[in-house]
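One structure is given below, encoded as structure tokens.
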Amino acid sequence: MTFIEELRWRGMIHDMTPGTEELLAKGMTVGYIGVDPTSDSLHIGNLATLMMLLHFQRAGHKPIGLVGGSTGMIGDPSGKSDERVLLDENILRHNQGCIRKQLEKFLDFDCGENSAVMVNNYDWTKDFSFLQFLREVGKHITVNYMMTKDSVRKRMESGSGISFTEFSYQLLQGYDFCWLYEHMNCRLQMGGSDQWGNIVTGTELIRRKLGGEAYALTCPLITKSDGSKFGKSEGGNVWLDPAKTSPYKFYQFWLNTSDEDAANYIKKFTLFTREEVESLIAKHQEAPHLRLLQKELAKDITIRIHSEAEYKAAVEASEILFGKGTTETLHHLSEDTLLSVFEGVPQSEISSDVLSSGMTVTDFLSDKTHIFPSKSEARRMLKEGGVLINKQKITEDFPLNESLLLNGKYILVQKGKKNYFLVKVIQ
RNA sequence: GGGGAGAUACCAGAGCGGUCAAAUGGGGCAGACUGUAAAUCUGUUGGCUUAGCCUUCGGAGGUUCGAAUCCUUCUCUCCCCA
């Protein structure tokens with residue numbers, strides 16, 4: 001199966017320039033995607049393009065991961081209704097380092113001819129003077145052409161306007177493609193469908209400036225069946241960095257996808273073959289309550305991004321939290337297990353004399369541990385039966401004392417079914 | 001520059017002298033149901049020492065026994081004309 005065929009059945013092609021398929025059929029092709037170093041971690045919104053690059057390499061082509069060190073300093077107007085905040089160089093440098101490590105999880109940087117390569121566009125733009133830029137890049141593209149881009153047009157119409165800086169963004173990205181074409185024989189740029197305009201500026205520039213032929217390939221934006229934005233959970237973005245989104249939460253995110261989305265995501269975010277995916281979907285439909293699709297999806301992605309061990313820990317934690325976990329089982333957990341299960345769960349500390357002084361449950365939940373922002377809210381939730389201590393539903397007059405302590409120093413508080421808090425009692 | 005409309009809780013939006021901590025919808029949170037889902041139903045959504053009290057309706061003053069509501073003024077937003 002060729003690269004394009006692979007992407008096609010997975011529903012990962014939104015648009016491509018004519019001739020792309022023929023180009024790839026001729027032999028090993030060099031292609032790239034760009035990522036924005038606006039944060040020190042990638043998030044699952046980047047996943048689709050990363051998978052595209054992974055398939056690209058698996059099909060025998062040579063992938064380049066470009067970190068947008070300089071483009072990140074400008075800001076891409078695509079999909080943004082307002083002008084962006086500029087980042088300074090130190091932060092960008094730091095972010096690039098972190099992102100590189102994450103890219104290494106997807107691509108093989110040491111497999112001979114088609115080893116993946118990382119580049120940073122800052123390296124070839126930092127010494128590029130403004131005059132040079134105007135002469136070598138700006139001269140080849142008309143403003144008329146630039147203004148027809150969706151990202152630009154939307155901002156022109158919105159009234160908030162667009163700065164010259166962001167307007168120029170497409171030239172900068174276009175020049176990257178041009179540079180890679182010239183220096184690394186790169187013929188193809190891939191990205192999300194929102195990048196189409198920017199990518200095509202690149203192919204245009206290559207044609208006018210170098211008389212060369214370059215290609216574009218985009219994948220559709222990942223959507224959710226209920227219309228809400230993909231990639232956000234209650235806590236905001238779902239990051240690939242375990243320090244920002246714990247492997248447990250990461251696993252849970254995928255486990256909680258709807259049936260419809262899971263069938264879609266499993267094609268896009270895992271490497272299961274077509275037959276495997278179809279059989280999984282068929283099995284899932286026979287017994288939807290077992291949520292086989294979600295489990296396989298969560299397993300595959302969690303292992304790829306984190307590790308087998310972290311996946312197992314996430315499953316174990318999930319079983320304790322959602323399965324048959326009772327007050328009994330909690331008391332039997334060792335401290336290590338307890339801490340690893342509740343890794344990433346908000347923690348707070350209180351001293352042991354406060355605990356033995358007979359404070360009320362409301363005080364405990366609000367003032368002492370800040371689990372609730374106000375006493376009224378704590379009271380309300382208690383009345384509704386939404387507060388659990390060590391997996392046991394409690395009321396406002398529940399007596400707090402040392403017999404509750406797990407491993408002699410922890411109390412597990414639950415706000416509703418899914419929000420856990422670990423209170424550590426210190427001597 | 002001239003004329004008009006408006007600013008109310010997380011958002012939208014009613015209320016136009018006491019019965020207003022403020023209708024209704026959305027969103028949020030929780031409960032029931034369930035598959036850790038969706039849909040649905042229920043409760044809740046300023047704070048506190050909670051049968052009560054305190055602080056809120058753009059800001060500052062004023063009228064009144066009593067103001068989200070009336071008056072003055074300031075700030076901001078929107079619309080129309082030039």
(request) Report the residue (A:Gly416 or A:Pro373) whose heavy-atom-nearest nucleotide on RNA chain B is the more 5′ of the two. (result) A:Gly416
(message) Please enumerate all residues that pass side chain to side chain contact (heavy atoms under 4.5 Å, CB included) together with A:Met118, with sequence neighbours excluded.
(response) A:Val67, A:Arg100, A:Leu103, A:Phe109
(message) In this structure, how many angstroms lie between the P atom of B:rC48 and the CG atom of A:Asp363, rounded?
(response) 10 Å
(request) Could you list all the salt bridge (Lys or Arg N to Asp or Glu O under 4.0 Å) pairs where at least one residue sits in residues 302-318 of chain A, not counting sequence neighbours? (result) A:Asp300-A:Arg304, A:Glu308-A:Lys312
(request) Counting Watson-Crick and G-U wobble pairs only, both distances under 3.5 Å, name the nucleotide matched with B:rA7, or none. (result) B:rU75
(message) Taking ring pair (Phe, Tyr, Trp, His ring centres under 6.0 Å) as the definition, give me every residue that meets it alongside A:Phe372, ordered by chain and number, with sequence neighbours left out.
(response) none
(request) Return the nearest nucleotide to the side chain of A:Lys375; candidates are B:rA30, B:rA32, B:rC48. (result) B:rC48
(message) So, using ring pair (Phe, Tyr, Trp, His ring centres under 6.0 Å) as the criterion, who are the partners of A:His306 when residues are at least two apart?
(response) A:Phe250
(request) List in chain and number order the residues that pass ring pair (Phe, Tyr, Trp, His ring centres under 6.0 Å) with A:Phe421, two or more places apart in sequence or in another chain; answer none if no residue qualifies. (result) none
(message) Using the side-chain hydrogen bond (donor to acceptor under 3.5 Å, both in side chains) criterion, which residues pair with A:Lys268? Sequence neighbours excluded.
(response) A:Asn264
(request) Please determine if a side-chain N or O atom of A:Lys393 lies less than 4.0 Å away from the OP1 or OP2 oxygen of B:rA32. (result) yes
(request) Report yes if a side-chain nitrogen or oxygen of A:Asn419 is closer than 4.0 Å to either non-bridging phosphate oxygen (OP1 or OP2) of B:rA30; otherwise report no. (result) yes
(message) According to salt bridge (Lys or Arg N to Asp or Glu O under 4.0 Å), does anything in residues 37-57 of chain A pair up with another residue at least two apart or in another chain? List the pairs.
(response) A:Asp40-A:Lys244
Protein-nucleotides 41-45 of chain B N/O pairs closer than 3.5 Å?
| residue | atom | partner | partner atom | Å |
| --- | --- | --- | --- | --- |
| B:rG43 | N2 | A:Glu384 | OE2 | 3.2 |
| B:rU44 | O4' | A:Glu384 | OE2 | 3.3 |
| B:rU44 | O2' | A:Arg380 | NE | 3.3 |

(request) Please list, by residue number, the residues of residues 301-310 of chain A whose heavy atoms come closer than 4.0 Å to an atom of RNA chain B; answer none if no residue qualifies. (result) none
Can you give the donor-acceptor pairs under 3.5 Å from side chains of residues 345-352 of chain A to other protein atoms, not counting sequence neighbours?
none

(request) Please determine, for B:rU44, whether a Watson-Crick or G-U wobble partner exists with both distances under 3.5 Å, and give it or none. (result) B:rG28
(request) Let me know the distance between CD of A:Glu396 and P of B:rU49, rounded to the nearest Å. (result) 10 Å
(request) Please name all residues satisfying side chain to side chain contact (heavy atoms under 4.5 Å, CB included) with A:Val30, sequence neighbours left out, ordered by chain then number. (result) A:Lys62, A:Ile64, A:Cys186
(message) Base, sugar-phosphate or nothing for A:Ser374? Non-hydrogen atoms, less than 4.0 Å.
(response) sugar-phosphate
(message) Rounding to an integer number of Å, can you tell me how far A:Ile394 CD1 sits from B:rA30 C1'?
(response) 14 Å
Report all interatomic pairs (protein N or O, nucleotide N or O of nucleotides 33-36 of chain B) with separations under 3.5 Å.
| residue | atom | partner | partner atom | Å |
| --- | --- | --- | --- | --- |
| B:rU34 | O4 | A:Lys417 | NZ | 3.1 |
| B:rG35 | O4' | A:His289 | O | 3.3 |
| B:rG35 | O6 | A:Asp259 | OD2 | 3.3 |
| B:rG35 | N1 | A:Asp259 | OD1 | 3.0 |
| B:rG35 | N1 | A:Asp259 | OD2 | 3.1 |
| B:rG35 | N2 | A:Asp259 | OD1 | 2.8 |
| B:rG35 | N2 | A:Gln294 | NE2 | 3.1 |
| B:rU36 | O2' | A:Asn256 | OD1 | 2.7 |
| B:rU36 | O2 | A:Gln252 | OE1 | 2.8 |
| B:rU36 | N3 | A:Gln252 | OE1 | 2.9 |
| B:rU36 | N3 | A:Gln252 | NE2 | 3.1 |
| B:rU36 | O4 | A:Gln252 | NE2 | 3.2 |

(request) Pick the C1' atom in B:rG15 and in B:rU19, then give their distance to the nearest Å. (result) 14 Å
(message) I need the A:Met52 CE to A:Thr218 OG1 distance, nearest 0.5 Å.
(response) 7.0 Å
(message) If the threshold is 4.0 Å, N to carboxylate O, is there a salt bridge linking A:Glu328 and A:Lys391?
(response) no
